Amino acid sequence: MSDEVRVRFAPSPTGELHVGGARTALYNWLYAKHKGGKFILRVEDTDEKRSTEENLETILRSMKWLGLDWDEGPVLQSDRLDLYNDYVSLLMSSGKAYYCFAAQEDIEEQRKEALEADENWVYRGADRELSADEVRAKLDAEEPHTVRFKVPAEGTITVNDLVQGEVTFECEHIEDFVLQRSDEKPTYHLSNVVDDIEMGITIVMRGADHLSNTPKQLLVYEALNAKLPEFAHLPLILGEDGKRLSKRHGATSVEHFRDKGYLPGAVINYLALLGWNPGDEREVFTANELSSEFTLERVNQSNPKFDLEKLSWLNGEYIKEVPAGELRPAVREALQVRGCWDEELDMERRDFFFALIELWQSRARTINELADNIAPFQTEAFAYEPAGLKEHVHGKDLLGLVEAFREALLQVDPWGQEELEATLREVAGGLDREAGDLIHATRIALVGKKSSPGIFEVLDLMGRDKSRSRLDRMIRYLRKLDTAKAKRLEQIANATGR
RNA sequence: GGCCCUAUCGUCUAGCCUGGCCCAGGACACCGCCCUCUCAAGGCGGAGACACGGGUUCAAAUCCCGUUAGGGCUACCA
């Protein structure tokens, strides 16, 4: 029990789970798995104003989707306020903390002045010196107050960090920070330390944005005479512009990537590689492989930039490798969103559905792309891509050719790729046309795009009826083109004739 | 402003601790070629980096100092 590894992820439900938080959770999870320890989920919701139930639900949903399952929790800090108050009493009675009656505005004013004067200034409460009677009187008068920690005037504090190494801070730069707010709620510095002690956390692994706060927390551990956990501060993930991740960078939430058709395994894999590497040249890992390889020694100290391009590549690798059956639920969901899902695809046309997925697996980088490509097999309500029309349809005199091909399709027997290819080439040859002209036009007719898998595979899967009906649509389009052209010619003739 | 962290191809990184094997390796992206009905996938090839300046040393991407740049903290947010 005493040497069991216990790590935690402690999000604050003030927003969705973004990639930075997800990576912190992942590293903790990997570490716990690697060491055969426990991964605990704790929710730091002591800031009532910014925390919401909805955010918490989203965070939990994202973690489950990623497969980051926790062994204990979620423990809500808002459920254990009494605990923090007990610790405040402890700190008060041992003289490590004091009531501070100073008004927040006054302190801010002083801080501002000091900053303008370029002075190094930290708050050292004058109320430290208040006598017991004076404190009693103010308390009785119900003067608003906070509880602050008595930071030593001098000395140094060294954080021995598993990732960052030894980092030393001077007490003179640390102010008397608040432990308990005037509404009697604990601040982060208190609740975080208390919970890490109470939960028996052995390694505090979190974002490097907390490194500068660590000396404060070390002071609290010391004042409490508590056993120190180890610390590991992870580099922060930056946006593609090198700036801190924020709303400006668009959607960076885990939820967003799920909606865009990314696979949880790919997201995990990508995030793991953002700040950690196995020391060799492998790039693609399952979660299990990651956890057996993961060590803090191989975590970097510099901040990586989030690269959507590489995530997409990895996602494509996953889509390519995974058996079609595993993609089925996600593709199904995406097709439902697009309104072209048919229950038959899960029943009698299941083989067809699988074949469609397989046809596009090597071409799609996201599930959404996959679904977009499959949609034309389910519905005729797709648009012809303008660039495709311009390159392969307009001005090509295709009407007779396409009509002939549509008719010839009636004779194809059996309906198969080889027969289809022979037929197409025969039709084109018979009219003294390039097979390519017909191929490109057929492609636009069948899927609306100028690129797709091999046209004979597409025809084969599309089937005779749907293929002919899509060619019909193209024929109608071509006829309209012709009439429009004839009309234009007539107008020109009239205009010039006059 | 003060304090702290970081700095290898455009990006993620290997190498740095334990100097020589590094005129720096891999991956994404990019470019070219092959395959080909198109697009992918695949195969082959190309271009591309030790931030800068000092020092230590026979020798520095690797050690030290400084500069610059980026990031973090500096809240009764976490």
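In what follows, every heavy atom counts, from backbone to side chain, and hydrogens, waters and symmetry copies are set aside. This structure is a prediction, so every number in the text was calculated from the model and none was measured. Within every chain, numbering begins at 1; the chains are lettered A, B, ... in the order of the sequence lines, protein sequences first and strands thereafter.
Not one side-chain nitrogen or oxygen of A:Lys216 sits closer than 4.0 Å to the OP1 or OP2 atom of B:C73. Taking only side-chain nitrogens and oxygens, A:Arg425 comes nearer than 4.0 Å to OP1 or OP2 of B:C37. Proximity of A:Arg443 to the phosphate of B:C37: no side-chain N or O atom is located under 4.0 Å from OP1 or OP2. A sub-4.0 Å separation between OP1 or OP2 of B:C5 and a side-chain N or O of A:Gln164 is absent. Between A:Lys320 and the phosphate of B:A41, there is no side-chain N or O to OP1/OP2 separation shorter than 4.0 Å. For A:Arg433, no side-chain nitrogen or oxygen approaches OP1 or OP2 of B:C37 to under 4.0 Å. Listed pair A:Lys243 / B:G70 fails the phosphate criterion, with no side-chain N or O lying under 4.0 Å from OP1 or OP2. Side-chain N/O atoms of A:Arg282 include none lying less than 4.0 angstrom from OP1 or OP2 on B:A14. The side chain of A:Thr46 places an N or O atom within less than 4.0 Å of a non-bridging phosphate oxygen (OP1 or OP2) of B:A78. Phosphate proximity of B:A14 to A:Asn300: present, with a side-chain N or O under 4.0 Å from OP1 or OP2. The side chain of A:Asn277 contributes an N or O atom lying less than 4.0 Å from OP1 or OP2 of B:A14.
For the P atom pair drawn from B:C5 and B:G45, the interatomic distance equals 44 Å after rounding to whole Å. Separating the P atom of B:G70 from that of B:C12 is a span of 16 Å, rounded to the nearest Å. Going from the C1' atom of B:C28 to that of B:C23 covers 25 Å, rounded to whole Å. Spacing between B:C44 and B:C35 at atom P, rounded to whole Å, works out to 16 Å. Taking the P atoms as reference points, B:G54 lies 14 Å from B:U62, given to the whole Å.
Considering A:Leu130, A:Thr146, A:Leu139 in turn, A:Leu139 is the only one that fulfils the side-chain contact (heavy atoms from CB on, under 4.5 Å) rule with A:Tyr99.
In terms of modelled atom types and a separation under 3.5 Å, the side chain of A:Glu385 and the main chain of A:Lys450 share a donor-acceptor contact. Listed for the A:Ser191 side chain is no donor-acceptor partner under 3.5 Å among the backbone atoms of A:Pro186.
Aromatic ring orientation, A:Phe285 versus A:Trp276: perpendicular (interplanar angle above 60°, classes split at 30° and 60°).
Ion pairing between A:Glu421 and A:Arg425 holds under the 4.0 Å rule for side-chain N and carboxylate O. We find that A:Glu283 and A:Lys310 are joined by a salt bridge, their nearest charged nitrogen and carboxylate oxygen being less than 4.0 Å apart.
Counting any heavy atom pair closer than 4.0 Å across all strands shown, A:Gly436 reaches no nucleic acid atom.
The partner of B:C63 is B:G55, judged by Watson-Crick or G-U wobble contacts that both fall below 3.5 Å. Base pairing analysis places B:C73 opposite B:G2; the two distances defining the Watson-Crick or G-U wobble pair are each below 3.5 Å. The partner of B:A49, taking Watson-Crick or G-U wobble pairs whose two distances both stay under 3.5 Å, does not exist in any strand shown. In this entry B:A7 has B:U68 as its Watson-Crick or G-U wobble partner, both defining distances falling under 3.5 Å. Of all nucleotides present, none satisfies the Watson-Crick or G-U wobble test against B:C39 with each distance under 3.5 Å.
Checking B:C4, B:G71, B:A7 against every side-chain atom of A:Ser302, the shortest atom distance belongs to B:A7. In this structure, the nucleotide among B:C76, B:U38, B:A27 sitting nearest to the side chain of A:Arg148 is B:C76. The side chain of A:Glu309 approaches B:C28 more closely than any other nucleotide in the set B:A75, B:A78, B:C28. The side chain of A:Val167 approaches B:C5 more closely than any other nucleotide in the set B:U38, B:C5, B:C77. Ranking B:U6, B:A27, B:A78 by closeness to the A:Asp47 side chain, first place goes to B:A78. Comparing B:A40, B:G15, B:G26 by their closest approach to the side chain of A:Glu281 singles out B:G26. Checking B:C77, B:G15, B:C28 against the side-chain heavy atoms of A:Arg181 singles out B:C77 as nearest. Listed nucleotides: B:A78, B:A40, B:U13. Nearest to the side chain of A:Asn213: B:A78. Side-chain proximity of A:Glu283 to the nucleotides B:C3, B:G26, B:U74 is greatest for B:G26. Taking only side-chain atoms of A:Ser362, from C-beta outward, the nucleotide of B:G71, B:C73, B:A41 with the closest atom is B:A41.
Below the 3.5 angstrom threshold, one finds no donor paired with an acceptor across the side chain of A:Lys310 and the base of B:A29. Scanning atom types as modelled, one donor and one acceptor separated by under 3.5 angstrom connect the side chain of A:Ser182 and the base of B:C76. Remark: the A:Asn192 side chain and the B:A78 base include no donor-acceptor N/O pair separated by less than 3.5 Å.
Using modelled atom types, one finds no donor on one side chain facing an acceptor on the other under 3.5 Å when comparing A:Thr14 with A:Ser51.
In terms of heavy-atom proximity, A:Glu240 sits nearest to A:Phe306 at CG-O, 3.1 Å.
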